Amino acid sequence: MYRANKWRHPVPGIVFILIMAVLFVFPLWTLIRMGRSSGGRWISGFIQIWTERNFLASVGTSLHLALVSVFITAMAGTMIAIAFRMFAIPGRQFWLRAMELIVAFPSFLVAFSLIYLYGSRGAATVGIQQLFHLQQPPFDFLYSQTGIVLAEVTYYLPFMIRPVLSAIELLDGSLFEAASSLGAGRLRQIWRVLLPLSLPGITAGAVLCFLFILNEFGILLILGSQRTPTIPVSIYNRAMINLDLPGASQEALLMLVFVLAIYLFYRILYSRVERRFSEKLQRLSLDFAPLMAKGRSTGIFGSATAVLVGLVFFLPVAVVFLSSFAQNWVGTVFPTSFTLHWFTSLQWDDWGSIGTTLIISTLVSVISAVIGLLGAWLVTNRRGIEAGVYDTILTLPQTVPSVVVGLGLLLAYDSGEINLSNSPVIVILAQTTLVLPASYRTIVAALTKLPKSYSEAARGLGASPMRAFVRVTLPLLAPALKSAFGLAFALSAGELGATMMVYPPGFATAPIQIVQYVQRGYYAQGAALSVVMLSVLTIVLTVTTGNFRILSFKRRVRRVGGVERTQKSSYNYEKLMGEKF
């Protein structure tokens with residue numbers, strides 16, 4: 001584990017606290033102050049909100065949608081992860097890479113693609129109607145809770161598969177061999193060995209998916225209606241449509257307390273489960289080979305899993321792509337003809353929104369990487385409560401709904417001496433707050449894996465702590481920094497909730513422009529703009545996740561590697577001499 005040195009200069013910690021105060025603490029405090037009722041008391045305002053029938057309906061709808069979606073997502077995600085571990089999946093590494101890149105596909109585009117599939121004149125609806133010679137469409141569920149659940153399960157399924165698969169792959173194959181030698185069949189091995197030992201990963205995936213789904217806004221904006229109100233939609237409507245900022249603040253505070261309580265419960269539960277099963281998790285040898293021998297049945301199950309995963313991951317992308325080139329795709333199973341008309345008909349505002357998205361996402365990605373690096377350095381160089389406080393401050397924004405973050409920033413920087421309501425700066429602040437936890441997690445995971453001998457070798461050669469960090473640690477973190485940049489860029493480019501709360505007049509990112517097209521019924525233009533945005537994201541993610549390295553960083557990595565090999569030989573020699581004498 002990386003513990004660079006005992007240098008405890010207070011400046012980095014002070015700078016970090018000031019940054020997080022601007023991004024998160026001060027907006028949260030402003031939200032709390034605004035949440036007071038007209039009489040200056042929070043309790044009376046909260047009681048008034050709780051007694052409103054509309055708010056109670058939104059709470060019930062949010063919980064119902066989240067619980068149903070999480071149950072289906074957890075079941076399907078766990079079964080797919082088990083299939084990846086048990087069977088030989090064709091193109092396994094490709095599908096795993098697709099899971100990592102799914103964040104580049106914004107959630108509202110999943111709902112948009114379902115319109116072309118399951119709308120009243122969608123491809124699947126028309127196909128079934130023609131196949132069975134029906135007079136009326138066979139189903140009409142898209143703009144109901146069923147359609148919302150389908151969209152949420154489709155989008156958040158990879159978020160469930162990845163942690164479960166990581167937990168399963170930690171298990172040593174000898175455990176299953178021992179169970180098999182005792183007469184346990186494959187189903188019994190899964191039930192009695194695999195599932196109990198994978199419980200931490202299943203718990204983590206389910207709880208985090210519950211928080212993400214509970215905070216979902218984009219899917220509800222496309223498929224939601226007055227029959228399916230949720231708390232984020234209610235907050236948005238009360239603040240931006242009804243202009244009731246105190247009421248919106250009270251709803252936001254109630255939801256904030258609820259999601260933070262769930263997140264705290266998750267941290268406590270996960271830590272207990274991890275301690276309980278820590279001795280059973282085999283981390284010494286990772287067996288990535290399929291547990292079941294190759295055969296006809298295993299090949300069928302593996303191919304079926306690959307087809308299912310391909311449909312989940314690529315069907316929404318394929319639908320959006322085809323619809324952008326389709327001359328007509330309404331009331332037909334397949335597009336009748338293809339054209340470039342929808343791309344050439346994009347207006348200057350559309351291309352301007354792409355440029356705005358590129359600029360904003362680049363700035364947000366750089367700022368998030370820098371702050372995330374500072375936070376990761378503080379966490380790995382501090383101990384005890386101080387490190388825990390830094391880690392908590394950095395991870396809390398990921399549990400807060402995007403509309404709540406946007407509302408807090410709007411209240412904090414829309415009045416008084418600091419007025420950013422007419423500036424894109426407030427958009428940058430909102431998106432940075434939301435994507436910062438992802439950047440931090442990527443960097444701190446890489447930083448904690450660096451042996452402390454790297455920095456100790458540099459210090460032994462006379463380098464100062466800062467010089468050792470810049471010349472040794474930072475080059476070794478180059479791949480993690482690139483990954484953090486790409487992830488932050490994708491999340492920022494697809495962010496919708498907080499941006500819609502704070503964006504100034506005359507300013508629009510690509511997601512806002514796409515949503516406006518969809519809401520006006522111009523699906524083809526929205527699809528064309530979506531393809532342009534996804535193409536940009538694909539290029540950025542390819543560059544940041546590929547094997548592209550700065551030459552100077554590569555030379556430094558080779559030099560550090562040579563120093564490390566020398567130091568390692570010296571340490572081993574001293575250890576052997578000490579044991580001998």
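What you are looking at is a predicted structure, and each value in this text was computed from that prediction instead of being measured.
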Quick check: closest heavy atoms across [X] and [Y], and the distance to 0.1 Å?
X	Y	value
Ala446	Ala480	CB-CB, 3.4 Å
Ile262	Phe210	CD1-CE2, 3.3 Å
Val366	Phe485	CG2-CE1, 3.8 Å
Val70	Cys209	CG2-C, 3.9 Å
Leu394	Pro437	O-CG, 3.2 Å
Gly218	Ser107	CA-OG, 4.3 Å

(request) Verify whether one side chain among Gln513 and Ser353 offers a donor that lies under 3.5 Å from an acceptor in the other. (result) no

(request) May I ask you to check whether Glu216 and Tyr156 show a side-chain donor-acceptor distance below 3.5 Å? (result) yes

Distance-only, no hydrogens or angles: does the [X] side chain make a donor-acceptor pair with backbone N or O of [Y] under 3.5 Å?
X	Y	value
Thr380	Trp377	yes
Thr448	Ala445	yes
Ser234	Ile231	no
Ser492	Ala488	no

As an exercise, state the distance from [atom1] of [X] to [atom2] of [Y], rounded to the nearest 0.5 Å.
X	Y	atom1	atom2	answer
Phe16	Leu378	CZ	CG	6.5 Å
Ile443	Leu374	CD1	CG	10.0 Å
Thr30	Tyr413	OG1	OH	7.5 Å
Ser402	Leu434	OG	CG	6.0 Å
Ser249	Leu411	OG	CG	4.5 Å
Thr357	Ile512	OG1	CD1	8.5 Å

Check: [Y] and [X] side chains under 4.5 Å, non-hydrogen atoms:
X	Y	value
Thr442	Leu481	no
Leu477	Leu447	yes
Trp351	Val532	yes
Met533	Pro106	yes
Leu157	Glu152	no
Leu409	Leu23	no
Val59	Met255	no
Gln398	Leu211	no

[options] screened by side-chain contact (heavy atoms from CB on, under 4.5 Å) with [X], the one that passes:
X	options	result
Tyr440	Leu373, Asp391, Ile371	Asp391
Val502	Ile428, Ile426, Asp414	Ile426
Ile148	Thr230, Val153, Leu223, Thr61	Leu223

(request) Determine, stepwise, if the pair Val233 / Leu221 fulfils side-chain contact (heavy atoms from CB on, under 4.5 Å). (result) CA-CA 8 Å; Val233 174; Leu221 196 64; over 6 Å; no

(request) For side-chain contact (heavy atoms from CB on, under 4.5 Å), just list the numbers for Phe507 and Asn422, CA-CA rounded to whole Å, side-chain angles, deciding distance to a tenth of an Å, and then say yes or no. (result) CA-CA 9 Å; Phe507 176 93; Asn422 294 321; over 6 Å; no

(request) For Ile17 and Tyr390, run side-chain contact (heavy atoms from CB on, under 4.5 Å): C-alpha distance rounded to whole Å, both residues' side-chain angles, the deciding distance at 0.1 Å, then the answer. (result) CA-CA 9 Å; Ile17 293 298; Tyr390 291 140; 4.1 Å; yes

(message) Before you tell me yes or no, could you show the steps for Met20 and Leu436 under side-chain contact (heavy atoms from CB on, under 4.5 Å), namely the whole-Å CA-CA distance, both residues' side-chain angles and the distance that decides it to 0.1 Å?
(response) CA-CA 10 Å; Met20 295 308 298; Leu436 178 59; 3.7 Å; yes

(request) Tell me whether the centres of the aromatic rings in Phe108 and Phe217 are closer together than 6.0 Å. (result) no

